[in-house]
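Report on one structure; see the data block that follows.
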Amino acid sequence: MLEGMIAPTAATRATFPNVSFGPFRLLEAVPWLLVAATMRVIAFAGGLVALPAIMLANIALLLAFVIVTWRMVLATDGRSGLGLLGLSQQIGMARAVLPPIFGVLVAATVVSALTGLIGSPGEFMLGFDGIAFDQASHPGRVWSALVAALVLLMVLQVDEASKPSLLMAIRRFWEHARWLIPGVLLVAVLSVLLHPIQGYVRGLIVQMWQHSQLPILVKSLLSMVFIFSFATVRLWLTVGILVFALRQSYRARPES
């Protein structure tokens with residue numbers, strides 16, 4: 001699938017615009033993460049808009065994931081046409097990727113509830129959300145890292161000009177398990193380490209809301225900066241580690 005990281009296709013052979021974002025490449029996914037964070041806030045408030053808001057949040061998060069994946073593949077000397085996809089093509093990919101992923105989340109939640117695997121089975125439903133946003137427990141963080149690996153393998157199938165398939169992603173995960181499993185565990189460890197830091201900053205934000213005389217608009221802006229700043233860091237670390245692990249897996253293959 002990914003010789004040279006990604007097998008060249010008609011899309012990958014296309015000429016890329018000669019544009020350099022320099023150090024701002026890390027910020028390319030921020031607009032979509034901002035949309036995802038805003039929709040999450042609306043969804044968690046409840047009401048009739050909660051369901052469409054969480055759907056929009058998940059689509060925005062996936063589009064941010066695609067941007068970061070594209071950049072990380074290029075950074076590891078790979079080839080990818082993901083950055084050439086138009087918005088309609090990206091939305092089409094989201095429609096192909098998200099339903100099977102959420103099927104996995106529902107199945108994991110049901111199994112957890114029936115077996116008592118963890119105390120809060122609902123955390124398994126947040127497996128995709130937890131790729132960029134903090135989970136409530138360590139098992140939830142490991143689960144989100146695993147979900148991120150499956151999403152990555154599905155997204156990369158687009159460069160083969162094929163429809164993303166969850167079954168194919170699972171098969172390829174096991175083919176590259178020697179490197180991907182350590183990658184997933186490293187992502188989970190970094191998420192665990194980020195948790196107390198994010199919790200500390202979250203506490204400062206809460207104190208600001210309770211005691212600061214700053215205008216509401218400024219408080220809201222700082223709160224949003226807090227949310228999508230950590231989301232950006234988590235997303236780049238997650239995708240970067242998993243792409244590197246997959247790259248190393250191909251490099252470690254014996255020459256045929």
Side-chain angles (χ1 to χ4, degrees), residues 21-69 71 87 90-91 94 98 102 105 119-120 122-145 147-148 151 187-240:
F21 293 90
F24 297 104
R25 286 177 179 171
L26 293 175
L27 303 179
E28 288 181 87
V30 166
W32 286 120
L33 287 175
L34 180 57
V35 172
T38 302
M39 291 299 102
R40 288 175 82 252
V41 171
I42 294 174
F44 290 157
L48 295 177
V49 298
L51 182 58
I54 200 64
M55 292 173 62
L56 289 174
N58 291 324
I59 292 173
L61 177 54
L62 180 62
L63 297 184
F65 189 99
V66 169
I67 292 173
V68 175
T69 298
R71 281 299 181 187
L87 182 59
Q90 294 179 17
I91 297 298
L98 290 177
F102 277 93
L105 301 184
S120 302
E123 291 182 33
F124 282 105
M125 276 303 300
L126 298 175
F128 181 71
D129 185 82
I131 293 174
F133 302 102
D134 195 15
Q135 277 274 40
S137 71
H138 296 339
R141 296 180 184 102
V142 175
W143 174 240
S144 289
V147 170
V151 172
V187 168
V189 167
L190 289 177
S191 182
V192 168
L193 294 176
L194 273 174
H195 172 68
I197 300 173
Q198 188 166 352
Y200 174 76
V201 178
R202 185 184 296 111
L204 296 179
I205 295 295
V206 171
Q207 291 182 18
M208 175 194 69
W209 276 97
Q210 293 176 342
H211 305 296
S212 174
Q213 300 302 314
L214 290 171
I216 296 296
L217 181 60
V218 174
K219 291 181 179 180
S220 299
L221 178 60
L222 291 175
S223 297
M224 291 305 298
V225 169
F226 156 72
I227 293 172
F228 69 72
S229 293
F230 276 95
T232 301
V233 171
R234 287 178 181 277
L235 183 59
W236 276 94
L237 286 175
T238 296
V239 176

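These numbers were taken from a predicted model, which means no experiment stands behind them.
Residues V187 and A145 approach most closely at CG1-CB, 3.6 Å, considering heavy atoms. Annotation for S144 and G127: closest pair OG-O, 3.0 Å, computed over non-hydrogen atoms. Between G130 and Q135 the shortest heavy-atom distance is CA-CG, 4.0 Å. The minimum heavy-atom distance linking A29 with L235 is given by the pair CB-CD2, 4.5 Å.
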With side-chain contact (heavy atoms from CB on, under 4.5 Å) as the test, would you mind laying out the steps for L105 and F124 before giving the verdict?
-> CA-CA 6 Å; L105 301 184; F124 282 105; 6.0 Å; no
Show the numbers, then the answer: is there a side-chain contact (heavy atoms from CB on, under 4.5 Å) between I131 and F128?
-> CA-CA 6 Å; I131 293 174; F128 181 71; 3.6 Å; yes
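Surrounding CE of M55 are at most 12 heavy atoms belonging to other residues, nucleotides or ligands under 6.0 Å away.
Considering only heavy atoms from C-beta on, F133 comes within 4.5 Å of I227 through its side chain. Residues L63 and I67 fail the side-chain proximity criterion, which asks for heavy atoms closer than 4.5 Å. Residues V151 and L62 are in side-chain contact: their nearest non-hydrogen atoms beyond the backbone lie under 4.5 Å apart. Using a 4.5 Å heavy-atom cutoff, the side chains of L190 and L194 are not in contact. Proximity of F44 to V41: side-chain heavy atoms (C-beta onward) are nowhere separated by under 4.5 Å. Using a 4.5 Å heavy-atom threshold, the side chains of R40 and D129 count as touching. Here the side chains of I197 and F230 are in contact, with some heavy-atom distance below 4.5 Å.
Sorted by first and then second residue, the pairs that involve residues 195-210 and meet side-chain hydrogen bond (donor to acceptor under 3.5 Å, both in side chains), not counting sequence neighbours, are D134-H195, R141-H195, Q198-R234, W209-S223.
Listed by chain and number, the residues in a side-chain hydrogen bond (donor to acceptor under 3.5 Å, both in side chains) with S137 are E123 (sequence neighbours excluded). Every side chain to side chain contact (heavy atoms under 4.5 Å, CB included) that L222 has, sequence neighbours left out, goes to M208, L214, V218.
The closest donor-acceptor contact from the side chain of T69 to the backbone of F65 lies under 3.5 Å. A donor-acceptor contact shorter than 3.5 Å is absent between the side chain of K219 and the backbone of Q213.
Between W32 atom CH2 and L61 atom CG the span is 11.5 Å, to the nearest 0.5 Å. To the nearest 0.5 Å, atoms CG (N58) and CG (L98) are separated by 6.0 Å. For the atom pair CG of L56 and CD1 of I42, the computed distance is 9.0 Å after rounding to the nearest 0.5 Å.
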